[in-house]
K.L.:
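Before I ask anything, let me first share the structure, which is written out below as structure tokens.
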Amino acid sequence: MVGVYVADLIRRASEAGDAPVVRYRGQSTSGHELNAMTFRYARALDRLGIGRGDVVAFFAPNTPAGLAARYAAALIGAATVYLSAPPSAGRRAAMMERIAPRLLVSFDETAHLVPENAAVPLAGIGDGAPGIRLDELAAAEPGEPVPCRARPEDTGMLGSSGGTTGVPKASVRSFATYTAMVQAPADPGRRQLIDGKLAYLSQTFADTTLIAGGTVILRDTFDPGGTLAAIEAEKITDLLLLEPQLEEVISHPDVAGRDLSSLRMLIHGGASAPPTFRRRARDRLGPVIGHGYGTNEVGFVSVLPPEEHDRPERFTCAGRPRPGVSVRVRAPDGDISGPGRAGTLEVRSPLAADGYRNLPERQAAAFAGGWYRTGDLGWLDGEGYLHVLGRAEDTVWIGGSPVAAGMIEEAVCQVPGVRFAAAARGEGSWVVAAVPGRGPELSVAACQRAVAREHGVSEASVLVRAVERVPLTEQGKPDPAAIRALA
């Protein structure tokens with residue numbers, strides 16, 4: 001069916017034929033092979049009674065089967081969700097109860113994430129996964145095409161949040177909205193590296209690449225040396241990294257010796273991005289760095305492509321809002337702010353989710369009148385560029401001006417001896433996790449003075465802790481709770 005992403009994706013894979021569309025651990029999966037795998041899983045899921053109106057959840061690894069099983073469920077009309085993986089078993093169980101899927105699919109690599117006594121039917125792919133063996137059922141099915149049963153108006157995709165502040169939420173989109181999110185011009189030369197978890201933006205980039213006719217290169221997980229090696233070996237053109245990951249890449253000793261000439265765009269986002277750090281990344285990797293701002297609920301809001309990093313002041317922004325996306329800024333007094341005035345960001349987008357699954361009160365608070373309240377603090381400049389300062393809840397207002405986490409981090413990153421920094425607001429003080437560089441020794445006192453000088457706060461209210469690595473969430477973002485605990 002034209003207009004439903006999974007049908008578009010299958011058509012592109014069919015056009016690719018015997019050419020590779022997915023690479024994993026040095027092995028290629030052709031378009032025909034990916035489609036046959038998808039069709040077999042679709043028939044197996046159909047035999048289990050899965051169809052339109054159902055939700056199928058996946059604890060999925062970054063493997064071809066992890067992609068094909070989701071495409072199979074979508075093909076027969078079910079909504080799908082790649083689940084995030086909070087470290088607490090209790091939170092994972094609560095997440096399952098909140099999402100209430102019709103079926104939970106896990107794999108050998110993810111079987112340990114399935115909550116004990118899960119109150120949902122289980123299916124497994126691999127010897128170690130609990131439940132009925134979906135892979136064995138699929139192996140007995142033919143790999144011939146299966147008609148697409150998905151309808152644009154049906155719920156098609158749930159996006160799992162990282163659950164930084166509690167049990168993860170799941171935003172809900174129709175097939176039509178998600179299809180619009182992953183559409184892209186034909187780009188057969190695109191080679192997208194996916195080494196982030198599929199539960200987050202990685203799934204969107206994988207779908208976009210395959211629909212565009214490109215190739216997805218999967219890695220099990222992120223590590224800076226392995227990522228650099230993969231860029232060189234697989235001639236990667238496109239890559240998404242969270243800011244802490246980008247910092248590890250540009251600081252890795254292999255970065256100078258690898259051939260990274262194939263890169264067209266390395267887009268970073270998801271966490272704070274101090275301008276000093278962003279300039280260092282561009283100096284290190286060249287004019288391939290792009291920066292994006294978005295949320296699980298509305299997708300990418302704005303993007304600053306590599307060619308717009310042409311002036312020093314641009315490194316403080318996240319680009320202009322994307323076509324069709326509107327951003328407004330609500331000041332602390334409740335009024336809508338004009339250019340140059342900071343406040344909380346509200347977004348209206350054709351790609352926005354319809355709301356949250358089984359969270360009516362949270363949905364009503366966040367989605368109102370066609371606008372999504374992000375909870376982030378920022379402002380728009382006179383040219384329409386969006387500047388994001390950090391979470392509003394982590395902001396202190398001094399004399400009518402905000403002091404946000406991103407501003408604290410930039411002040412610290414300017415201090416010699418600091419490679420990267422992440423800040424969180426504690427009780428009565430800022431707590432900063434600062435990663436020392438290989439040059440001058442990190443001076444905690446110099447960091448405190450820099451923040452006090454830039455933002456008018458007392459040095460005693462800035463607690464700086466030198467760390468080998470910024471504490472991260474399961475998603476790979478700086479973990480505010482763990483940073484506060486450093487105090």
K.L.:
Consider only side-chain N and O atoms of Ser262 and Arg191, and report whether a donor and an acceptor are under 3.5 Å apart.
P.N.:
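Result is no, nothing qualifies.
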
K.L.:
Using 0.5 Å steps for rounding, measure from the CD1 atom of Ile132 to the CG atom of Leu122.
P.N.:
11.0 Å

K.L.:
Does any non-hydrogen side-chain atom of Glu243 lie less than 4.5 Å from one of His291?
P.N.:
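SC-SC contact between His291 and Glu243 confirmed.
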
K.L.:
Given side chain to side chain contact (heavy atoms under 4.5 Å, CB included), test Arg330 with Arg373 step by step and report yes or no.
P.N.:
CA-CA 10 Å; Arg330 191 172 295 278; Arg373 299 165 178 167; 5.8 Å; no

K.L.:
For the pair Asp135 (side chain) and Gly126 (backbone), establish whether a donor and an acceptor sit closer than 3.5 Å, ignoring hydrogens and angles.
P.N.:
yes

K.L.:
Checking Asp154 side chain against Gly156 main chain: does a donor-acceptor pair fall under 3.5 Å?
P.N.:
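No; judged by distance alone, with no hydrogens or angles, the pair does not exist.
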
K.L.:
Looking at Arg98 and Pro168, would you say the former's side chain and the latter's main chain have a donor-acceptor pair under 3.5 Å?
P.N.:
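Yes; judged by distance alone, with no hydrogens or angles, the pair exists.
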
K.L.:
More than 12 foreign heavy atoms under 6.0 Å from CD of Glu153: is that the case here?
P.N.:
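Yes.
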
K.L.:
Do other residues, nucleotides or ligands put more than 12 heavy atoms under 6.0 Å from Gln183 CD?
P.N.:
yes

K.L.:
Sub-3.5 Å donor-acceptor pair from the side chain of Asp54 to the main-chain atoms of Gly51, do we have one?
P.N.:
yes

K.L.:
What verdict does the side chain to side chain contact (heavy atoms under 4.5 Å, CB included) test give for Tyr200 and Leu240, after you've listed the backbone C-alpha separation in whole Å, the side-chain angles of each residue and the deciding distance to 0.1 Å?
P.N.:
CA-CA 11 Å; Tyr200 306 113; Leu240 167 72; over 6 Å; no

K.L.:
Are Asp8 and Arg11 ion-paired here, with the side-chain N under 4.0 Å from a carboxylate O?
P.N.:
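Looking at Arg11 together with Asp8, the answer is yes, because their closest N to O distance falls below 4.0 Å.
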
K.L.:
Write down the atom of Pro478, the atom of Pro244, and the distance for their closest heavy-atom approach.
P.N.:
CD-CG, 3.7 Å

K.L.:
Are Ile10 and Tyr71 close enough that some pair of their side-chain heavy atoms sits under 4.5 Å apart?
P.N.:
no

K.L.:
Donor-acceptor check, side chain of Arg92 to backbone of Pro87, threshold 3.5 angstrom: yes or no?
P.N.:
yes

K.L.:
Look at the side chain of Glu474 and the backbone N and O of Pro86, then say whether any donor-acceptor pair between them is shorter than 3.5 Å.
P.N.:
no

K.L.:
For the residue pair Leu486 and Pro471, establish whether any side-chain heavy-atom pair is separated by less than 4.5 Å.
P.N.:
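When only atoms from C-beta onward are counted, Pro471 and Leu486 do touch, with a gap below 4.5 Å.
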
K.L.:
With a sphere of 6.0 Å drawn around CZ of Arg328, does it hold more than 12 non-hydrogen atoms of other residues, nucleotides or ligands?
P.N.:
yes

K.L.:
Distance from Ile267 atom CD1 to Phe300 atom CZ, nearest 0.5 Å?
P.N.:
4.0 Å

K.L.:
Determine yes or no for a side-chain-to-main-chain donor-acceptor pair under 3.5 angstrom, with Ser349 supplying the side chain and Val325 the backbone.
P.N.:
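No; zero donor-acceptor contacts below 3.5 Å.
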
K.L.:
Please tell me if the side chains of Leu103 and Leu45 come closer than 4.5 Å, counting only heavy atoms from C-beta onward.
P.N.:
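Side-chain contact under 4.5 Å: yes.
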
K.L.:
Taking all non-hydrogen atoms of both residues, which atom of Glu141 and which atom of Ala44 are closest, and how far apart?
P.N.:
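Heavy-atom minimum between the residues: CG-N, 4.3 Å.
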
K.L.:
Under the side chain to side chain contact (heavy atoms under 4.5 Å, CB included) criterion, do Leu104 and Val114 qualify, and how do the steps go?
P.N.:
CA-CA 9 Å; Leu104 171 60; Val114 178; 4.1 Å; yes

K.L.:
Report the distance from atom CD of Gln475 to atom CG of Leu201, rounding to the nearest 0.5 Å.
P.N.:
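The CG atom of Leu201 is 8.0 Å from CD of Gln475, to the nearest 0.5 Å.
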
K.L.:
Any carboxylate oxygen within less than 4.0 angstrom of a Lys/Arg side-chain nitrogen, looking at Arg133 and Asp127?
P.N.:
yes

K.L.:
Rounded to the nearest 0.5 Å, how far apart are NE2 of His252 and OG1 of Thr227?
P.N.:
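The NE2 atom of His252 sits 9.5 Å away from the OG1 atom of Thr227.
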
K.L.:
If you apply the rule salt bridge (Lys or Arg N to Asp or Glu O under 4.0 Å), what do you find for Asp376 with Arg391, and how did you get there?
P.N.:
CA-CA 4 Å; Asp376 292 324; Arg391 297 294 293 170; 2.9 Å; yes

K.L.:
Does Asn62 reach the side chain of Ser202, with side-chain heavy atoms less than 4.5 Å apart?
P.N.:
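No; the side chains remain at least 4.5 Å from each other.
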
K.L.:
Does any non-hydrogen side-chain atom of Tyr5 lie less than 4.5 Å from one of Met157?
P.N.:
no

K.L.:
Strictly distance-based, threshold 3.5 Å: is any side-chain N or O of Thr110 a donor or acceptor partner for the main-chain N or O of Ser106?
P.N.:
no

K.L.:
Could you check Lys169 against Leu359 for side chain to side chain contact (heavy atoms under 4.5 Å, CB included), going step by step and ending with a plain yes or no?
P.N.:
CA-CA 8 Å; Lys169 306 181 294 294; Leu359 283 175; 3.8 Å; yes

K.L.:
What heavy-atom pair brings Leu241 and Leu246 nearest, and what distance separates the two atoms?
P.N.:
CD1-CA, 4.0 Å

K.L.:
Which atom names give the shortest non-hydrogen contact between Thr80 and Ala73, and what distance separates them?
P.N.:
CG2-CB, 3.6 Å

K.L.:
Measure across Pro185 and Ala212 and return the closest heavy-atom pair with its distance rounded to 0.1 Å.
P.N.:
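Looks like O-CB, 3.4 Å.
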
K.L.:
Heavy-atom distance under 4.5 Å between the side chains of Leu218 and Leu67, does that happen here?
P.N.:
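Leu218 reaches Leu67 side chain to side chain.
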
K.L.:
For Gly370 and Arg348, work out which heavy atoms get closest and say how close.
P.N.:
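That closest heavy-atom pairing would be O-CG, 3.3 Å.
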
K.L.:
Can you tell me how far CZ of Phe205 sits from CG of Leu198, rounded to the nearest 0.5 angstrom?
P.N.:
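Spacing of CG (Leu198) from CZ (Phe205) equals 13.0 Å.
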
K.L.:
Under a 3.5 Å cutoff, is there a donor and acceptor pairing between the side chains of Glu297 and Tyr372?
P.N.:
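Yes - a donor-acceptor pair under 3.5 Å links their side chains.
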
K.L.:
Could you grab the distance from atom CG of Leu137 to atom OH of Tyr41, nearest 0.5 Å is fine?
P.N.:
10.5 Å

K.L.:
Keeping Ser302 on the side-chain end and Ala318 on the backbone end, is there a donor-acceptor pair under 3.5 Å?
P.N.:
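Pair found, side chain donor or acceptor close to backbone of Ala318.
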
K.L.:
Would you mind reporting whether Val55 and Arg357 have side-chain heavy atoms less than 4.5 Å apart?
P.N.:
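Yes. Closest side-chain heavy atoms under 4.5 Å.
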
